[in-house]
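Chain letters run A, B, ... following the sequence lines, proteins first and then strands; every chain starts at 1. Values reported hereafter were calculated over all heavy atoms of this structure, with side chains retained and with hydrogens, waters and symmetry mates removed.
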Number of protein chains: 2
Amino acid sequence: METELPTIFSAKRTSYVRTSVIREILKLTVENSDILSFAGGLPNPSLFPKEVLSSVMESVIQNNCSTALQYGDSSGYEPLRIQIAETLTDLPWVSSSSISITHGSQQGLDILGKIFMDSDTNVLLEDPVYLGALQAFSPYHPNFFSVPMEPDGPNLYWLEEILSQNKIHVFYANPSYQNPSTYTWSLEKRVKIANLLDTKEIIFIEDEAYRYLDFEGKVYPSVSSFRKRNDLTFVLGSFSKIVSPGFRLGWVQIPDPYKNLFTAVKQGNDLNSNQFSQVVVSKLLEEMDFQTHLRSIQSFYQDKKDNLVSLLGKYLPEAKFSHPEGGMFLWVEYPKVSSKELMRRCLENGVAMVPGSEFSPASRSSSFFRMNFSFLSDETMEVGVKRIAEVYRDINT
Amino acid sequence: METELPTIFSAKRTSYVRTSVIREILKLTVENSDILSFAGGLPNPSLFPKEVLSSVMESVIQNNCSTALQYGDSSGYEPLRIQIAETLTDLPWVSSSSISITHGSQQGLDILGKIFMDSDTNVLLEDPVYLGALQAFSPYHPNFFSVPMEPDGPNLYWLEEILSQNKIHVFYANPSYQNPSTYTWSLEKRVKIANLLDTKEIIFIEDEAYRYLDFEGKVYPSVSSFRKRNDLTFVLGSFSKIVSPGFRLGWVQIPDPYKNLFTAVKQGNDLNSNQFSQVVVSKLLEEMDFQTHLRSIQSFYQDKKDNLVSLLGKYLPEAKFSHPEGGMFLWVEYPKVSSKELMRRCLENGVAMVPGSEFSPASRSSSFFRMNFSFLSDETMEVGVKRIAEVYRDINT
């Protein structure tokens, strides 16, 4: 959904700015607590590491105040960069100096958009694509291309077609538990596509915000780790899903030639990331048993997913979806209805989902909806699915 | 200082990206603690409200965890927006819904640059100008114009000349205790210029990051408060100088016609501001005696300023400067030396200042230096001034 063209004085790029239906719905559900929302991508608050947080905070205030409350390095707090480089990346060339900490991985997308995208830059996206990337990239107004996705990754025939017929400069993808589809690239496709990207000298922006949300605790090697051209590959990560979105911290692994430019752009954007949150998250990673914490998130989300799957089976057998390996969404097809009508009627009936049209640069109509399962309790989820079923039946008869 | 043109694949705008000599020096001084730095703009850590912070943190973790650790509204945490609207603004039309909380006021500058500046946008700046604004605006590559500054504000003759000969779209200024000059617009000039801006229908970006740093506790009415065209005026504020830069929070007062656009751009930039910091700062404002806290900052900085003034009088009577009413800098002219040489030799001699050339879009040479007095202790400040005097004499004989 693009905003209407501003009738006010503003730069040309503002006519390409996109609003987010998700954030609108989020606001709606905050204002009206009767709406049960499958629309957000909110982690479940019961998974926040509250106990250890309390002692970490106290220790930061007693011992690290003059660092935590001050301005900081534009690239990020060094101890946290070291922790990320050592435990949360898999690129052989990565060291702390190639990590830049960002204000959520969303800021990484904005900075990379600013660095790479002009009106003559050809940018390949997955179809469907993460809406936040569209919001970050659109104001820079590149030419978007889209490759159709399958449950195990991009359709290779189409990918090769697109790459052979166009000079693609940048490929943005979300290979693990993608938002919105939750599709995950197979190991085989990761290797093949890494080679293709090398051959065609394409800059790859690999968004790994969901990397650690596999239900079984599996971690796929990043696509970038298979690339020879490590000067052309960026990997984005996030603490939002594995610690808390409240600290608004992500990171980007930046190849050498782009380090200075990235830092200079980051400075112009906001000088540096939130220093207090960086010190706290760094201490948290030291103090908590991170692997156990991850496993508890993973199995909690698995149970949530199983619950939504069985509810849909029970009340809405017409709904079609493939079973994800991880993440926080089901990508559900509701056949034989107008998705706009389904969305509108659902909201009237006190339940929200995100229509698939939001996840395409041209807002192409789609019979899919993104359904989040991480946030609602099992009971409200059942009420929510019943409400959708009611509306669906009502439209379909 | 502009970065060298990237020889790597990148968008055209990256050739306009500016690095910050201040941030480079900051990094240098962190790596080499022997360098005494007058270069930064760091608040003194002894002024951070540590005592009350500790109890506020505990209360947030016990009572507000599911809000503080979650994603939040793109415009900001509502209770904090209400506090800002009620106590930290002076525009009659401002309500919480016209406040957007940003990741430092620097992010406000980036977003307004994105919203307003194309290559055919004429942007008027103060000369000298805040370096961070140059960093934020430059990648959008507007045409910069500069109006010469006097200790009581812009030179009116030149301002009228520029406005009569050019269609200026946007005027960015920092009317109170400006960074770097610490010049402060007089009440008379505020009224006059507000009228001029109305007549010429110019968008005004009023950066009030230093608003509360008057040594005597005085607060000037904002220039925007004198405007009739309240649809064309933005006022930026910051918690960095009055609470702590570690929470990385600022805000923008946004006129009605631009609210939705600002929020949509903010979403693309980073979804929302740091929710944890917003909840903490909101509680802090509730719990602490804010006026007493402000007074202690103001009188502390006054003492620091007096100290630097007397040290310069004692060791470097050749140095010329006007006495600021507030802020954290002296804007000092060192006559009869090459400022490049002075800067280089100072760094070699273990002391840092920022050369005036940094505060001009064209990096025009200048005999001024920005000297911060908020951070160094009285003793190290004396050592620092002696080192500068030594170098200055050495060059000058």
Side-chain angles (χ1 to χ4, degrees), chain A residues 3 6 8-14 17-20 23 27 42 45 48 50 53-54 57-58 61 65-66 68-71 73-74 103-104 106-107 110 114-118 121 132 135-136 139-140 169 203 244-248 257-258 260-261 264-265 267-271 274-277, chain B residues 3 6 8-14 17-20 23 27 42 45 48 50 53-54 57-58 61 65-66 68-71 73-74 103-104 106-107 110 114-118 121 132 135-136 139-140 169 203 244-248 257-258 260-261 264-265 267-271 274-277:
Chain A
T3 44
I8 48 183
F9 177 82
S10 63
K12 282 185 287 291
R13 76 180 66 79
T14 59
V17 166
R18 294 173 67 99
T19 54
S20 160
R23 299 234 127 212
K27 221 178 154 175
L42 306 185
F48 299 147
K50 262 174 266 189
L53 241 187
S54 189
M57 289 286 172
E58 190 52 33
I61 291 165
C65 227
S66 56
L69 295 181
Q70 194 53 279
Y71 287 101
D73 190 322
S74 301
H103 192 228
Q106 182 72 25
Q107 190 190 38
D110 174 54
K114 213 179 211 178
I115 287 181
F116 287 118
M117 299 179 194
D118 275 329
T121 310
Q135 285 194 283
Y140 303 115
H169 301 99
I203 289 160
S244 151
F247 296 124
R248 211 74 210 89
Y258 289 98
N260 291 341
L261 181 57
V265 172
Q267 282 172 17
N269 270 28
D270 64 0
L271 301 183
N274 186 299
Q275 182 79 349
F276 186 81
S277 291
Chain B
T3 44
I8 48 184
F9 175 81
S10 63
K12 282 185 286 292
R13 77 180 65 80
T14 60
V17 167
R18 294 173 68 99
T19 55
S20 160
R23 298 235 127 213
K27 220 177 156 173
L42 305 186
F48 298 147
K50 259 174 268 189
L53 243 187
S54 188
M57 289 288 173
E58 190 54 31
I61 291 165
C65 227
S66 55
L69 295 181
Q70 193 54 276
Y71 287 100
D73 190 322
S74 300
H103 193 227
Q106 183 71 25
Q107 188 189 39
D110 174 54
K114 214 180 212 178
I115 287 181
F116 287 118
M117 299 180 195
D118 275 330
T121 311
Q135 286 194 284
Y140 304 115
H169 301 98
I203 288 160
S244 152
F247 296 123
R248 212 72 210 91
Y258 289 97
N260 291 340
L261 181 58
V265 172
Q267 283 172 16
N269 269 30
D270 65 1
L271 301 185
N274 187 298
Q275 181 80 349
F276 186 81
S277 291

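- Summarising the geometry of B:R18 relative to A:A264, their closest heavy-atom pair is O-CB, 4.0 Å, with the distance given to 0.1 Å.
- In this structure, A:R248 does not pair ionically with B:D270, as no charged nitrogen and carboxylate oxygen lie closer than 4.0 Å.
- Of the residues considered (B:Q267, B:K50, B:M57), B:Q267 shows the highest number of contacts with chain A, using heavy-atom pairs under 4.5 Å.
- Between B:F276 and A:F247, the two ring planes are tilted [angle within 30° to 60°].
- Contact tally against chain B (heavy-atom pairs below 4.5 Å) for A:C65, A:G268, A:P245: the top residue is A:P245.
- Between chain B and the residues A:T121, A:L42, A:V265, the most heavy-atom pairs under 4.5 angstrom are made by A:L42.
- The side-chain contact (heavy atoms from CB on, under 4.5 Å) with B:S10 is formed by just one residue from the set A:L261, A:I203, A:D118; it is A:L261.
- Note that the CD1 atom of A:I8 and the CD1 atom of B:I115 stand 7.5 Å from one another [nearest 0.5 Å].
- Taking each heavy atom of B:N274 and A:H103 in turn, the nearest pair found is N-NE2, 3.5 Å.
- The minimum heavy-atom distance linking B:A11 with A:F116 is given by the pair CB-C, 3.7 Å.
- With rounding to the nearest 0.5 Å, the separation of CG in B:L69 from CG in A:L53 is 6.0 Å.
- Within the 3.5 Å criterion, the main-chain N or O of A:M117 finds a donor-acceptor partner in the side chain of B:R13.
- In this structure, B:N269 and A:Q107 have side chains that are not in contact, with every pair of non-hydrogen atoms separated by 4.5 Å or more.
- To the nearest 0.5 Å, the span separating NZ on A:K114 from OH on B:Y140 amounts to 3.5 Å.
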